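Structure first, commentary second.
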Amino acid sequence: MLLHVEGVLSPDQVAHCRTILSASDWVDGRVTAGEQSARVKNNLQAPEDAPAARELGDMILTALGQNPAFVSGVLPLRVFPPLFNRYDEGMGFGAHVDNAIRFAKTAGGPVRFRTDVSATLFLTDPADYDGGELIVEDAYGEHAIKLGAGDMIVYPAASVHRVAPITRGSRWAAFFWAQSMVRGDDQRSLLHDLDNAIQAMSVKVGQGDPAVVSLAGTYNNLLRMWADV
Ligand code: NI
């Protein structure tokens with residue numbers, strides 16, 4: 001499932017990110033790449049431990065926790081602290097699959113988790129650069145994704161994806177991974193569709209309608225069957 005989450009950050013929050021990142025150091029993006037990815041990766045990243053990056057990462061995590069579309073579509077168990085990258089003219093990232101297991105640095109030491117979904121939160125207005133589409137492959141073909149600043153795309157971490165070379169300007173983004181309570185993309189997608197339908201139906205007939213109560217029960221019982229917490 002490709003999940004477009006609109007307005008994760010407000011225009012003011014995007015501007016704040018850009019101000020902080022403008023003053024950040026940038027290092028070779030291969031520091032967080034696996035062996036195969038490193039061969040095709042050509043971008044810059046804000047250092048993982050930089051206090052400024054951590055502050056922005058926390059702001060994004062807070063926004064995600066309050067975002068119903070993200071919570072419903074991802075059913076997050078653990079969310080990796082967001083990182084920040086930048087592709088200047090001529091930079092890109094060739095076809096790869098993200099590492100299945102990652103270590104997140106936390107106050108209590110590194111925590112190992114499985115990457116079920118990958119996410120890119122766009123921080124540059126699409127009018128300010130050419131190229132730089134995130135291209136995700138799935139059973140239906142290739143999808144080229146380029147969203148407004150503050151919007152986010154969530155896609156299965158298992159999919160082959162790439163970032164097309166930048167031909168003008170510079171593309172800045174936050175990116176991260178999450179482990180979901182529900183491992184399978186098909187199951188998550190079904191639960192998200194069911195949740196959306198229940199929400200829409202609740203508005204029409206009320207939450208207390210017996211059919212809504214029954215469907216909400218089915219949702220919860222499927223989640224109980226599939227969740228790993
Ligand atoms: Ni990737």
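As the structure is a prediction and not an experimental result, all values here were calculated from the model.
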Checklist entry - Can you pull the ring pair (Phe, Tyr, Trp, His ring centres under 6.0 Å) pairs that have at least one residue in residues 191-224, sequence neighbours excluded? => result none
Next on the checklist: Going by ring pair (Phe, Tyr, Trp, His ring centres under 6.0 Å), name the residues that satisfy it together with Y155, two or more places apart in sequence or in a different chain.
Outcome noted: H161
Item to check | Qualifying side chain to side chain donor-acceptor pair (under 3.5 Å) pairs, either residue in residues 141-150, two or more places apart | outcome: D138-H143, E142-R162
Checklist entry - Which heavy atom in I135 sits nearest to a heavy atom in A164, and how many Å separate them? => result CD1-CB, 4.1 Å
Next on the checklist: Please tell me whether M225 and L215 are part of a single hydrophobic cluster in this structure, the criterion being side-chain heavy atoms less than 4.5 Å apart.
Outcome noted: yes
Donor-acceptor contacts under 3.5 Å from residues 197-214 side chains, at least two apart:
from, atom 1, to, atom 2, distance (Å)
Q199, NE2, D195, OD1, 3.0
S202, OG, I198, O, 2.8
D209, OD1, A211, N, 2.9

Item to check | Which atom of V71 lies closest to which atom of G65, heavy atoms considered | outcome: CG2-O, 4.0 Å
Checklist entry - Heavy atoms, side chains only, cut-off 4.5 Å: are L123 and L21 in contact? => result yes
Checklist entry - Residues in ring pair (Phe, Tyr, Trp, His ring centres under 6.0 Å) with F70, at least two apart? => result none
Next on the checklist: Within the structure provided, determine whether N99 and T115 are in side-chain contact (heavy-atom separation under 4.5 Å).
Outcome noted: no
Item to check | Closest non-hydrogen atom pair between L9 and Q13, with its separation | outcome: CA-OE1, 3.4 Å
Next on the checklist: For residues 6-34, which residue pairs pass the salt bridge (Lys or Arg N to Asp or Glu O under 4.0 Å) check, not counting sequence neighbours?
Outcome noted: D28-R30
Checklist entry - Can you name the closest pair of heavy atoms from V8 and A63 and give their distance? => result O-CB, 3.6 Å
Next on the checklist: W172: which residues meet the ring pair (Phe, Tyr, Trp, His ring centres under 6.0 Å) condition with it, sequence neighbours left out?
Outcome noted: W26
Item to check | Side chains of F122 and I153 in contact at under 4.5 Å (non-hydrogen atoms) | outcome: yes
Checklist entry - Do you reckon L223 sits in the same ILVMFWY cluster as L190, going by side-chain contacts under 4.5 Å, direct or chained? => result yes
Next on the checklist: Could you tell me if the side chain of F176 sits less than 4.5 Å from the side chain of M152, heavy atoms only?
Outcome noted: yes
Item to check | Residues forming a ring pair (Phe, Tyr, Trp, His ring centres under 6.0 Å) with Y129, sequence neighbours excluded | outcome: none
Next on the checklist: To the closest 0.5 Å, what do you measure between CD1 (I166) and CG (N42)?
Outcome noted: 10.5 Å
Checklist entry - Among side-chain atoms of T32 and E48, is any donor-acceptor pair under 3.5 angstrom? => result no
Checklist outcome for this item: One should read off an interatomic distance between S170 OG and L44 CG, to the nearest 0.5 angstrom, of 8.0 Å
Item to check | Summary of side chain to side chain donor-acceptor pair (under 3.5 Å) pairs that have at least one residue in residues 53-67, sequence neighbours excluded | outcome: H16-E55
Checklist entry - Any chain of hydrophobic side-chain contacts (each under 4.5 Å) joining F113 to F175? => result yes
Item to check | Pairs involving residues 169-189, ordered by first then second residue, that meet salt bridge (Lys or Arg N to Asp or Glu O under 4.0 Å) (sequence neighbours left out) | outcome: D185-R188
Checklist entry - Looking at V27 and P47, what are the two nearest heavy atoms and their distance? => result CG1-CG, 4.1 Å
Next on the checklist: Please determine whether side-chain contact (heavy atoms from CB on, under 4.5 Å) holds for the pair I145 and H4, giving the CA-CA distance in whole Å, both sets of side-chain angles, and the decisive distance to 0.1 Å.
Outcome noted: CA-CA 10 Å; I145 299 144; H4 175 182; over 6 Å; no
Checklist entry - Quick one: do I101 and F80 end up in the same hydrophobic cluster if we chain Ile, Leu, Val, Met, Phe, Trp and Tyr together by side-chain heavy atoms under 4.5 Å apart? => result no
Item to check | Inter- and intrachain pairs under salt bridge (Lys or Arg N to Asp or Glu O under 4.0 Å), touching residues 67-87, at least two apart | outcome: R86-D88
Item to check | Side chains of L121 and P82 in contact at under 4.5 Å (non-hydrogen atoms) | outcome: no
Checklist entry - Does any non-hydrogen side-chain atom of F93 lie less than 4.5 Å from one of N85? => result no
Next on the checklist: I want to check something: taking the side chain as every heavy atom from C-beta on, are F84 and I60 in contact at a cut-off of under 4.5 Å?
Outcome noted: yes
Checklist entry - Restricting to pairs with a member in residues 104-120, which pass salt bridge (Lys or Arg N to Asp or Glu O under 4.0 Å), not counting sequence neighbours? => result D49-K105, R114-D116
Checklist entry - If we only count heavy atoms from C-beta on, is the L222 to Q187 side-chain gap below 4.5 Å? => result no
Checklist entry - Which heavy atom of S118 sits nearest a heavy atom of D98, and at what distance? => result OG-OD2, 2.8 Å
